[in-house]
Amino acid sequence: MQDILLVEDDIDDIYFFLEAIKAIDPKINVNFLKDGSELMDWLKTTPSIHSSLIFLDLSTPKFDGRQVLKTLHDNKIINLICLVVYTTSSNPKDIKYAAEMGAKSYIVKPDTIKDLKAKLETTIKYWFTVNHEPLPF
């Protein structure tokens with residue numbers, strides 16, 4: 001079973017994401033967390049973190065995506081998980097920062113379901129089929 005975790009606080013973005021995922025494969029299990037602090041708690045209590053593909057919005061309340069990336073990087077946890085930044089920011093500084101902190105991919109949220117489906121399908125296919133799971137560095 002393929003598991004996806006979306007860290008997102010915007011309900012419209014959650015529905016948009018879920019609609020695209022269900023169009024790709026209705027068997028994919030999608031869970032949601034609203035911010036980075038919930039993600040950090042989830043990572044501490046979830047024994048099978050390797051099996052999930054995590055999509056992280058940079059702009060969440062409380063503990064935002066940038067803080068999450070830094071914390072995961074500093075604690076070497078980023079090497080053990082498959083984290084994809086999924087955000088509205090196309091700022092080259094954010095993209096560079098995410099790469100430097102160890103994000104496996106970076107997706108700028110598209111405007112249409114068709115474009116989102118294409119981006120997610122490519123990402124999911126790569127991480128669940130081609131690569132299977134991230135390799136520790």
Side-chain angles (χ1 to χ4, degrees):
M1 173 104 118
Q2 297 171 334
D3 289 320
I4 289 178
L5 180 64
L6 175 63
V7 182
E8 174 65 65
D9 65 311
D10 184 292
I11 195 71
D12 292 331
D13 285 346
I14 291 171
Y15 284 124
F16 196 54
F17 186 93
L18 188 56
E19 185 178 339
I21 292 294
K22 294 306 171 191
I24 294 166
D25 184 349
K27 291 181 248 165
I28 294 174
N29 183 42
V30 182
N31 293 297
F32 307 96
L33 299 173
K34 66 180 177 204
D35 61 46
S37 63
E38 286 188 3
L39 174 60
M40 298 308 292
D41 290 342
W42 181 85
L43 289 170
K44 290 176 191 172
T45 60
T46 304
S48 60
I49 61 172
H50 300 290
S51 65
S52 296
L53 181 56
I54 302 168
F55 289 85
L56 173 68
D57 186 10
L58 291 181
S59 302
T60 59
K62 293 184 189 177
F63 200 66
D64 73 16
R66 289 167 197 83
Q67 292 170 297
V68 168
L69 287 170
K70 177 148 180 40
T71 302
L72 295 176
H73 176 267
D74 291 351
N75 292 301
K76 308 276 189 260
I77 298 168
I78 196 78
N79 298 333
L80 304 174
I81 60 175
C82 189
L83 188 142
V84 175
V85 172
Y86 174 69
T87 190
T88 56
S89 175
S90 59
N91 185 326
K93 289 181 183 179
D94 285 335
I95 296 168
K96 181 180 180 197
Y97 182 78
E100 288 171 348
M101 292 296 110
K104 303 301 188 269
S105 299
Y106 193 102
I107 297 174
V108 176
K109 293 177 182 177
D111 294 329
T112 68
I113 193 74
K114 180 182 175 185
D115 290 342
L116 177 57
K117 182 180 178 257
K119 286 182 178 191
L120 291 177
E121 198 162 27
T122 299
T123 304
I124 290 166
K125 181 178 179 181
Y126 178 76
W127 289 111
F128 282 140
T129 307
V130 177
N131 194 49
H132 295 287
E133 66 180 52
L135 300 173
F137 297 95

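Expressed to the nearest 0.5 Å, how far NE2 of His73 lies from CD of Glu100 amounts to 8.5 Å. Atom CD of Glu121 sits about 10.0 Å away from atom OG1 of Thr123, to the nearest 0.5 Å. Of the inter-residue distances, the one linking Lys125 atom NZ with Leu120 atom CG reads 14.5 Å to the nearest 0.5 angstrom. The structure places CG of Asp74 at 10.5 Å from CG of Leu69, a figure rounded to the nearest 0.5 Å. Here the CG atom belonging to Leu83 is positioned 9.0 Å from the CG atom belonging to Leu5, to the nearest 0.5 angstrom. Expressed to the nearest 0.5 Å, how far NZ of Lys117 lies from OG1 of Thr122 amounts to 10.0 Å.
Pairing each heavy atom of Lys104 with each of Ile81, the nearest pair is NZ-O, 3.3 Å. For Gln67 against Asp64, the heavy-atom pair with the smallest separation is OE1-N, 2.8 Å. A pairwise comparison of heavy atoms in Gly36 and Val68 identifies CA-CG2, 3.4 Å as the closest pair. Nearest heavy atoms, Val108 versus Thr88: CG1-O, 3.9 Å. In this structure, Ile78 and Gly102 approach most closely via the heavy-atom pair CG1-O, 3.4 Å. Here the closest non-hydrogen pair linking Ala20 and Ile113 is N-CD1, 3.6 Å.
Test Asp10, Asp13, Asp115 against Lys109 for salt bridge (Lys or Arg N to Asp or Glu O under 4.0 Å) and you get one pass: Asp13.
Proximity of Phe63 to Leu39: side-chain heavy atoms (C-beta onward) are nowhere separated by under 4.5 Å. Residues Tyr106 and Thr87 form a side-chain contact, since some pair of their non-hydrogen atoms from C-beta on lies under 4.5 Å apart. In this structure the side chain of Ile54 reaches within 4.5 angstrom of the side chain of Leu43, judged on heavy atoms. No side-chain heavy atom of Tyr126 sits less than 4.5 Å from a side-chain heavy atom of Ser105. Side-chain atoms of Phe128 and Ile4, non-hydrogen and from C-beta on, do get closer than 4.5 Å to each other.
Remark: the backbone N or O of Ile77 is not paired with any side-chain donor or acceptor of Asn75 at under 3.5 angstrom. Checking side-chain atoms of Glu19 against main-chain N and O of Phe16 turns up no donor-acceptor pair under 3.5 Å.
By the neighbour-count criterion of 12 heavy atoms within 6.0 Å, atom NZ of Lys22 is densely surrounded, having more than that number from other residues, nucleotides or ligands.
For the residue pair Asn91 and Ser89, no side-chain donor N or O sits within less than 3.5 Å of a side-chain acceptor on the partner.
The ring of Phe17 has its center no closer than 6.0 angstrom to the ring center of Phe32.
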Give the C-alpha distance, both sets of side-chain angles, the deciding distance and a yes or no for side-chain contact (heavy atoms from CB on, under 4.5 Å) between Tyr86 and Leu116. CA-CA 11 Å; Tyr86 174 69; Leu116 177 57; 3.5 Å; yes
